[in-house]
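Single-structure report; data block below.
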Protein chains: 2
Amino acid sequence: MSTRVTTLKELAASLDLSITTVSRALAGHEQIALKTRERVAQAARQAGYVPNTAARTLVSGRSGFVGLVLPVRGPNLVDSFLGEFVTGLGEGLVSHGADLILATAALGHSELSVLRHVVESGRADGVVVTRIAEVDERLAYLRERGFPFVAHGRLLDGDFAYNWLDTDGAHAFGEAFDMLYDLGHRHFGLVTISEPMTFRHLRQDGLAAAIGRRGDPSVRLDVATAPRFDRGARIQAINRMLQGPERPTAIIALFDELALTVMEEAARAGLSVPRDLSVIGFDNVVASAYAPPGLTTFDASIRQCAREIADMLLTVIAERPAAPLTRLIRPTLVSRASHGPAPQTRS
Amino acid sequence: MSTRVTTLKELAASLDLSITTVSRALAGHEQIALKTRERVAQAARQAGYVPNTAARTLVSGRSGFVGLVLPVRGPNLVDSFLGEFVTGLGEGLVSHGADLILATAALGHSELSVLRHVVESGRADGVVVTRIAEVDERLAYLRERGFPFVAHGRLLDGDFAYNWLDTDGAHAFGEAFDMLYDLGHRHFGLVTISEPMTFRHLRQDGLAAAIGRRGDPSVRLDVATAPRFDRGARIQAINRMLQGPERPTAIIALFDELALTVMEEAARAGLSVPRDLSVIGFDNVVASAYAPPGLTTFDASIRQCAREIADMLLTVIAERPAAPLTRLIRPTLVSRASHGPAPQTRS
DNA sequence: GAGAAAATTGCAAACGTTTTAAATCGCCTT
DNA sequence: AAGGCGATTTAAAACGTTTGCAATTTTCTC
């Protein structure tokens, strides 16, 4: 029990070679005789030698880890986003032999302080930052430090001088509007959150731009806003929208969870989706396929994005490119049964 | 840009103290004069000093990390299990200042080899193992090495001499059977998977035991089996069960995903749930609340379990208790609308 | 076969921290 | 003023690797 770990020194002794030679042989250095390299590799394999990460990190300055600070999350809410994202990152990293560090922010500590710890303790060679806020201190910090990172999401101010990958929510929301407009809808509802996340603005702006492009003054847009994690307030806001004297015939939700709540409340109010009301979401959460009658939404393939983010980050770490790496992914429409032509009765 | 990291040496120099003193002062050693300790703490805070993890790990032998090797997963399948589990682990670890390492097995490599790497490279002080197989080489390896770990799940052979936390699936399945029996059901269906995971056996055994306890020879149990990730085969097996001349009036699925498929196929076959068919799942996946008419299932509160696993593991690492830590969690019934009295027509 | 060049190997320092054992300091006792 | 004692600080080794430079061995050239 508790067999000790093989060390380079032991391996060297057993081969009657110096530590230096064994180290270089395992690293595949050309300057070591091929025969020696093979002999060493053989012995290492047989002894089950695994280099000590700490020692290697200490001297080389590279840890082989990529960090992800878990965003602070609501108490009840389990979002599938995280699971998919982490899986994708793992898949992207593994091919390059890198591993993932997940750091969680304790209740008292800010996400920034955790990030600083991860960066400055040398645990990670680079980090991934998700859910960009309008004023994001994490990005400011990382940029100032010149530490390798890739952001999932963009800032608003057009200052894109950093590595990011984002989902083109603006385009998707424009597409959603166009589709609904062509189905005869003129009175729209937008269900959104009050938190200052940039993706909210980008999507809303995409919607506004699409409305503008039509130049149709009869188009009307109501907006319902509630805090991200306050389910009660969310339901209230949605009901205000649904129960007003003139309710929208089509509701676009910032993301699926909101859309699902809209459909629940619509059902409770005796409205039939999509006959009385069209609903469109964003994310293609698993539940959206099951919630009747099937939510029409956009698939951003989070897993695939995360995979690509991992690739980008590893490139940044290895090559430190001068120009930032950026990538805008266009989500695809998943057309289910929650949208249809505008009801005829009122127009 | 790219400010260098503060090191202990620099800090010591700026304070005109030795490295030793500063190190001890920061560690709060009593033998260092209180005044000095305060002075050092102040300077460290101001300089934003963060100790280098690699160096600390190298000398102390403790990395402050807990490892989780991601189980190899199906290609399309995104299970919410992972997301919840990881979140729970993170929550449990953070209060003790530990972080999580996620290692992914590359396509060619076995999960065991990744585990070995994590363990022997000294990256982690302990690991969590999930989804125990009937013959689990990971457990064998960890036990032989005497490396700290906690398993989520049990082996079958009654050899429980290791640290584990498990969900009492046997009890839940017994409860499900009793409830259905009392509702008049006599013909049961079990939808399960063909992979040799221990949780499958435990749940099935729980069901069998409950059937035995009734001692009612009129009870009948059909079984449909398909590989975990083969959706086509799963649907076929389910349909064979539903379309036979005598179909069960109540189906218990090994977990929610299977139950959801059962409900889909039942709907496709024109069966009404729960009027014609009762369905019960296990896991309380998010989608189970949305799939009409709402799936009755068991909630194992994975997040909470993971949290507790984290606590257990940290105890094991710190105290190396002689007797294994074990914990059996009883899942709670989430009663929705997918079960009801047995149909009268045929009895 | 001497000398040089090329190929191969090894010594020792370095990475930043913790820790053992020893040194220094201040102050009191006699 | 020497000795002693407790309080405080420090020097140096250690953890397991990588790497610049030097040392050694082999091979080649004439």
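Here is the naming used below: chain letters follow the sequence lines, and residue numbers restart at 1 for every chain.
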Write down the atom of B:Gly61, the atom of B:Asp125, and the distance for their closest heavy-atom approach.
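B:Gly61 and B:Asp125 have their closest heavy atoms at O-OD1, 4.1 Å.
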
Figure out the [atom1]/[atom2] separation between [X] and [N], and round it to whole Å.
| X | N | atom1 | atom2 | result |
| --- | --- | --- | --- | --- |
| A:Lys9 | C:dA12 | NZ | P | 14 Å |
| B:Leu8 | D:dC15 | CG | C1' | 16 Å |
| B:Ile32 | D:dG6 | CD1 | C1' | 14 Å |

Relative to each other, are the rings of A:His152 and A:Phe85 parallel, tilted or perpendicular (30° and 60° limits)?
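Judged by the thresholds at 30° and 60°, the geometry between A:His152 and A:Phe85 is tilted.
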
Short of 4.0 Å, heavy atom to strand atom, which residues of residues 119-127 of chain B count as contacting DNA chain D?
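Hits under 4.0 Å, by residue number: none.
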
Less than 4.0 angstrom between a side-chain N/O of B:Thr36 and OP1 or OP2 of D:dT8, yes or no?
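Looking at the OP1 and OP2 atoms of D:dT8, neither is under 4.0 Å from any side-chain N or O of B:Thr36.
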
Would you indicate, yes or no, if D:dT18 has its OP1 or OP2 atom less than 4.0 angstrom from a side-chain nitrogen or oxygen of A:Ser23?
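Yes.
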
Which parts of residues 46-65 of chain B get close to DNA chain C, meaning a heavy atom less than 4.0 angstrom away?
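Going residue by residue through residues 46-65 of chain B, the ones with a heavy atom under 4.0 Å of DNA chain C turn out to be B:Tyr49, B:Pro51, B:Asn52, B:Ala55, B:Arg56, B:Val59.
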
Can you tell me how far apart OG (A:Ser110) and CG (A:Leu115) are? Round to the nearest 0.5 Å.
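Result: 9.0 Å between the selected atoms.
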
Between A:Arg303 and A:Glu84, is there a salt bridge with N-O shorter than 4.0 Å?
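Salt bridge absent between A:Glu84 and A:Arg303.
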
Base, sugar-phosphate, or nothing: which does A:Ile19 touch, judged by heavy atoms less than 4.0 Å apart?
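Base: the residue A:Ile19, judged by heavy atoms under 4.0 Å, touches a nucleobase.
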
List, with names and distances, any nitrogen or oxygen atoms from the protein found under 3.5 Å away from nitrogen or oxygen atoms belonging to nucleotides 20-22 of chain D.
{"residue": "D:dG20", "atom": "N7", "partner": "A:Arg24", "partner atom": "NH2", "Å": "3.1"}
{"residue": "D:dG20", "atom": "O6", "partner": "A:Arg24", "partner atom": "NH2", "Å": "3.0"}

Would you say the side-chain atoms of A:Ser63 and A:Thr57 include a donor-acceptor pair closer than 3.5 Å?
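Per modelled atom types, A:Ser63 and A:Thr57 side chains form no pair under 3.5 Å.
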
Report, one line per pair, each donor and acceptor closer than 3.5 Å where one atom sits in a side chain of residues 27-37 of chain B; sequence neighbours left out.
{"residue": "B:His29", "atom": "ND1", "partner": "B:Gln31", "partner atom": "NE2", "Å": "3.4"}
{"residue": "B:Arg37", "atom": "NE", "partner": "B:His29", "partner atom": "O", "Å": "3.4"}
{"residue": "B:Arg37", "atom": "NE", "partner": "B:Ile32", "partner atom": "O", "Å": "3.0"}
{"residue": "B:Arg37", "atom": "NH2", "partner": "B:Ile32", "partner atom": "O", "Å": "3.4"}

Considering only residues two or more places apart or on different chains, which pairs with a residue in residues 114-123 of chain B satisfy salt bridge (charged side-chain N to carboxylate O under 4.0 Å, His left out)?
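Residue pairs passing salt bridge (charged side-chain N to carboxylate O under 4.0 Å, His left out), neighbours aside: A:Asp99-B:Arg123, B:Arg116-B:Glu120, B:Glu120-B:Arg145.
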
I'd like to know if the side chain of A:Arg154 and the backbone of A:Phe199 have a donor-acceptor N/O pair within less than 3.5 Å.
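Not confirmed, A:Arg154 side chain does not pair with A:Phe199 backbone.
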
Is a side-chain N or O of A:Ser113 found less than 3.5 angstrom from the main chain of A:His109, in a donor-acceptor match?
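Absent.
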
For A:Glu134, does the CD atom sit with more than 12 other heavy atoms under 6.0 Å from it, leaving out its own atoms?
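Yes, CD of A:Glu134 has more than 12 neighbouring heavy atoms, counting only those of other groups under 6.0 Å.
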
Earlier contact from the 5' end, DNA chain D, for B:Ser18 and A:His29
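Between the two, 5'-proximity favours B:Ser18.
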
A:Ser18: what forms a side chain to side chain donor-acceptor pair (under 3.5 Å) with it, not counting sequence neighbours?
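Only A:Thr21 meet the side chain to side chain donor-acceptor pair (under 3.5 Å) criterion with A:Ser18.
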
